[in-house]
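Everything numeric in this text was worked out from a predicted model, so none of it was measured. Just so it is clear: chains get the letters A, B, ... in the order the sequence lines come, proteins before strands, and each one is counted from 1.
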Amino acid sequence: MELKLYDTLTREKRAFRPLDPARVRMYVCGPTVYDFAHIGNARPVIVFDVLFRLLRHRYGAGHVTYVRNITDVDDKINARAAEEYPSLPLNEAIRIVTEKTERQFHDDVDALGCLRPTVEPRATEHVDEMKALIEKLVAAGHAYVAEGHVLFSVPSMPDYGRLSNRSLEEMEAGARVEVAPYKKDAKDFVLWKPSKPGEPAWPSPCGIAAPGRPGWHIECSAMSWKHLGEMFDIHGGGIDLVFPHHENEIAQSRCSFHTPVMANFWMHNGFLQVEGEKMSKSLGNFFTIRELLADWPGEVLRFNMLRTHYRQPIDWTLNGVAESFNTLEALTADPGFASSKVEAIAPSVLEALSDDLNTPKAIAELHALHGKGDMAALNTTLRALGFSQRPQSRRRVDAQKVSALIDARLAARKAKNFKEADRLRDELHAMGIELEDKRDGTTAWKVKA
RNA sequence: GGCCACGUGGCGGAGUGGUUACGCAACGGUCUGCAAAACCGUGUACCCCGGUUCAAUUCCGGGCGUGGCCUCCA
């Protein structure tokens with residue numbers, strides 16, 4: 001069956017046909033590395049990992065190129081570096097912050113069962129490409145130099161705004177920010193700006209004497225160009241990036257290369273709330289991936305994320321995660337799951353995923369395989385979806401104490417002192433220990449989620 | 001204010017113009033000293049108001065609610 005994907009640009013679900021089936025190309029906006037990634041950041045990483053796996057399955061692992069950038073030049077990074085390492089030169093502090101954060105990010109998403117992208121380009125290693133694009137845009141009349149800045153001229157692109165479905169006139173009316181005096185038009189955005197002393201700086205393009213640094217959007221145009229070409233198949237990210245980030249990427253890339261589209265499919269994952277409220281530090285419901293991994297296995301977090309379709313809003317709740325633990329534990333109970341490393345996607349699951357990544361449906365199909373007793377298909381499909389191990393509770397227990405209590409309970413049972421036996425079981429239960437009396441007279445136990 | 005999503009049983013969530021989604025939880029049963037696990041069984045829900053229709057949760061219009069973007073943000 002064919003793969004159908006929803007395209008934000010055309011607002012329709014349609015058949016996916018790669019420009020070149022021998023090289024399917026996907027770009028996803030990656031993290032700005034200045035702090036631990038939060039659970040909202042995890043959503044696109046997991047969602048597009050599933051898509052990456054699906055594309056590899058359909059076109060062959062060697063025929064899919066997945067690029068996810070690392071933004072390592074940004075005001076927030078500078079601020080964090082200055083704050084954490086005030087005694088170091090800023091550039092050195094920045095390097096420490098970005099490298100450390102990148103490692104943390106990798107550790108976190110590895111634990112979530114995500115494959116590494118084919119390429120993870122860093123913005124600071126693509127400044128030459130950014131400058132080349134900026135030069136092209138100026139030469140083509142789509143950008144201009146003003147007071148050491150280079151600005152993209154939004155009115156120079158008649159169909160600017162198609163992705164976010166807003167017309168130039170509408171944006172005119174909605175302008176709320178104070179307009180910098182050097183801008184020809186309020187909507188124009190920065191491609192290059194001067195660096196303040198001490199800030200990261202590179203020789204400027206377009207004959208600007210003072211050193212500068214790139215604007216926010218140009219890096220993605222540059223890195224996708226370098227690694228995927230002038231046009232490619234899929235561009236993904238969070239729905240909040242539609243405007244202005246992706247809109248501006250499109251403007252930069254299309255006006256540089258005179259292409260009808262930048263990517264054939266624009267995919268955006270929905271937002272995440274926590275316990276029914278917007279996640280924010282002030283509400284105290286802000287969770288980093290790292291914090292959640294302390295309490296829950298990564299595969300449980302992954303499963304919980306995939307229970308909701310990627311375009312739907314997701315309400316991240318403690319109850320939901322606990323339910324995911326139980327469900328995933330049941331689905332991975334077959335001993336064959338742990339022993340086999342074979343990956344394969346069962347036809348029913350493939351069909352669900354091929355319908356715009358319908359992961360809730362796919363999970364229902366996993367339950368159907370489980371119900372039918374088709375454990376081989378279930379196990380290999382789970383692995384293909386990135387679930388590599390059965391969830392283990394993160395509760396810490398004193399195993400010696402547990403076995404002592406269990407021995408005492410077995411003794412009490414033998415003596416038919418059932419009141420004492422039940423009391424001991426309750427005590428263990430309070431510690432999060434679930435008992436299972438086997439037929440052979442022994443007692444197995446496990447730690448609850 | 002403009003633009004855009006979403007609103008299904010206790011919870012998650014698929015899907016459909018007329019037939020049981022599925023899962024979790026709960027409840028009943030088998031099993032057990034009692035439990036747990038496992039297995040069997042039990043749930044007729046689709047925000048509101050109009051319209052179209054023989055028939056709407058499903059299509060159309062309006063309303064209400066929630067969230068997102070318009071400024072850094074997945």
* To do: Mind checking A/I363 for me? I need base, sugar-phosphate or nothing, with any heavy atom below 4.0 Å counting as a touch.
  => nothing

* **salt bridge (Lys or Arg N to Asp or Glu O under 4.0 Å) between A/R425 and A/D422, worked out** => CA-CA 5 Å; A/R425 185 176 60 208; A/D422 290 349; 3.5 Å; yes

* What distance, rounded to whole Å, do you find between the two P atoms, one in B/rA55 and one in B/rC3? -> 35 Å

* Axial cation check for A/F52 ring with A/R116, 6.0 Å and 45° limits -> no

* Asked: Out of A/R56, A/R25, A/M26, which one pairs with A/V64 under the side-chain contact (heavy atoms from CB on, under 4.5 Å) rule?
  -> A/R56

* To do: Answer with base, sugar-phosphate or nothing: what part of the nucleic acid does A/H245 contact at a heavy-atom distance below 4.0 Å?
  => nothing

* To do: Between B/rC6 and B/rG62, how far apart are the P atoms? Round to whole Å, please.
  => 16 Å

* To do: Report the C-alpha distance between A/R122 and A/T124 in whole Å, list the side-chain angles of each, state the deciding distance to 0.1 Å, and finish with yes or no for side-chain hydrogen bond (donor to acceptor under 3.5 Å, both in side chains).
  => CA-CA 6 Å; A/R122 286 178 196 77; A/T124 53; over 6 Å; no

* Asked: How many Å lie between CG on A/D440 and P on B/rU32, as a whole number?
  -> 15 Å

* **Closest nucleotide among B/rA14, B/rG23, B/rC22 to the A/Q312 side chain** => B/rA14

* Within the structure shown, what part of the strands sits under 4.0 Å from A/L435 by heavy-atom distance: base, sugar-phosphate, or nothing? -> base

* Rounding to the closest angstrom, what is the interatomic distance between B/rU20 and B/rG15 at atom C1'? -> 13 Å

* To do: Using the P atom as the reference point in each nucleotide, state the distance between B/rC59 and B/rU44 in Å, no decimals.
  => 25 Å

* Any donor-acceptor pair under 3.5 Å joining the side chain of A/N326 to the base of B/rG23? -> no

* **Nearest-Å distance for atom pair CG/C1', residues A/L318 and B/rC24** => 14 Å

* **NZ or CZ of A/K187 within 45° of A/Y160 ring axis and under 6.0 Å** => no

* Pick the P atom in B/rG1 and in B/rG50, then give their distance to the nearest Å. => 26 Å

* Asked: If you take atom types as modelled and just measure distance, does the side chain of A/R307 reach the base of B/rG23 with a donor-acceptor pair under 3.5 Å?
  -> no

* Asked: For RNA chain B, whose closest nucleotide is more 5', that of A/Y6 or that of A/R413?
  -> A/Y6

* Structure fact -> Assign each of A/K446 and A/D315 the nucleotide of RNA chain B bearing its closest heavy atom; nearer the 5' end lies the nucleotide of A/D315

* Sort out the partner of B/rG1 for me: Watson-Crick or G-U wobble, both distances under 3.5 Å, none otherwise. => B/rC70

* P gap between B/rG68 and B/rU57, integer Å -> 31 Å

* Can you check the A/E329 CD to B/rA38 P distance for me, whole Å? -> 9 Å

* To do: Indicate, with a heavy-atom threshold strictly under 4.0 Å, whether A/K76 touches base, sugar-phosphate, or nothing.
  => sugar-phosphate

* Nucleotide nearest A/N165 when distance is taken to its side chain, options B/rC34, B/rC3, B/rC72 -> B/rC3

* To do: Identify whether any heavy atom of A/D74 sits under 4.0 Å from a base atom; if not, whether one sits that close to sugar-phosphate; answer base, sugar-phosphate or nothing.
  => nothing

* Structure fact -> Which of B/rG23, B/rA14, B/rA36 is nearest the side chain of A/E436? It is B/rA36

* To do: Write down the distance separating the P atoms in B/rA74 and B/rC69, rounded off to the nearest Å.
  => 11 Å

* Taking any strand in view, what nucleotide pairs with B/rC54 in a Watson-Crick or G-U wobble way, both distances under 3.5 Å? -> B/rG18

* **A/F337 six-ring centre to A/R390 NZ/CZ under 6.0 Å and within 45° of normal** => no

* Asked: For A/L366 and B/rG13, what is the distance between atoms CG and P respectively, to the nearest whole Å?
  -> 17 Å

* Structure fact -> Under a 3.5 Å limit on both distances, the Watson-Crick or wobble mate of B/rG28 is B/rC40

* Asked: Counting any heavy atom closer than 4.0 Å, what does A/G237 reach on the DNA or RNA strands: base, sugar-phosphate only, or nothing?
  -> sugar-phosphate

* Asked: With a 4.0 Å cut-off on heavy atoms, is A/R423 in touch with a base, just the backbone sugar-phosphate, or nothing at all?
  -> nothing

* **Interatomic distance where CG belongs to A/D422 and P belongs to B/rA36 [whole Å]** => 12 Å

* **N/O (side chain, A/T317) to phosphate O (OP1/OP2, B/rC11) under 4.0 Å** => no

* To do: Please report the closest heavy-atom contact between A/M267 and A/Y310, naming both atoms and the distance.
  => CE-OH, 3.4 Å

* Structure fact -> Result for salt bridge (charged side-chain N to carboxylate O under 4.0 Å, His left out) between A/D356 and one of A/K4, A/R311, A/R14, A/K13 points to A/R311

* Taking CD from A/E427 and C1' from B/rA35, how many angstroms apart are they, rounded to a whole number? -> 17 Å

* Looking at A/Q252 and A/L191, what are the two nearest heavy atoms and their distance? -> NE2-CD2, 3.3 Å

* Quickly work out the A/R68 CZ to B/rA74 P distance and round it to whole Å. => 13 Å

* Phosphate oxygens OP1/OP2 of B/rG33: is one of them under 4.0 Å from a side-chain N or O of A/N417? -> no

* Using the P atom as the reference point in each nucleotide, state the distance between B/rA37 and B/rA26 in Å, no decimals. => 9 Å

* **Protein-nucleotide distance (A/I39, atom CD1; B/rA74, atom P), rounded to Å** => 14 Å

Nucleotide N/O of nucleotides 66-69 of chain B paired with protein N/O under 3.5 Å:
from   : atom 1 : to     : atom 2 : distance (Å)
B/rG68 : OP1    : A/K278 : NZ     : 3.4

* Between B/rG23, B/rG12, B/rG33, spot the one nearest the side chain of A/E323, thanks. => B/rG23

* To do: Give a yes/no verdict on a cation-pi contact between A/R68 and A/F48, requiring under 6.0 Å between NZ or CZ and the six-membered ring centre and an angle within 45° of the axis.
  => no

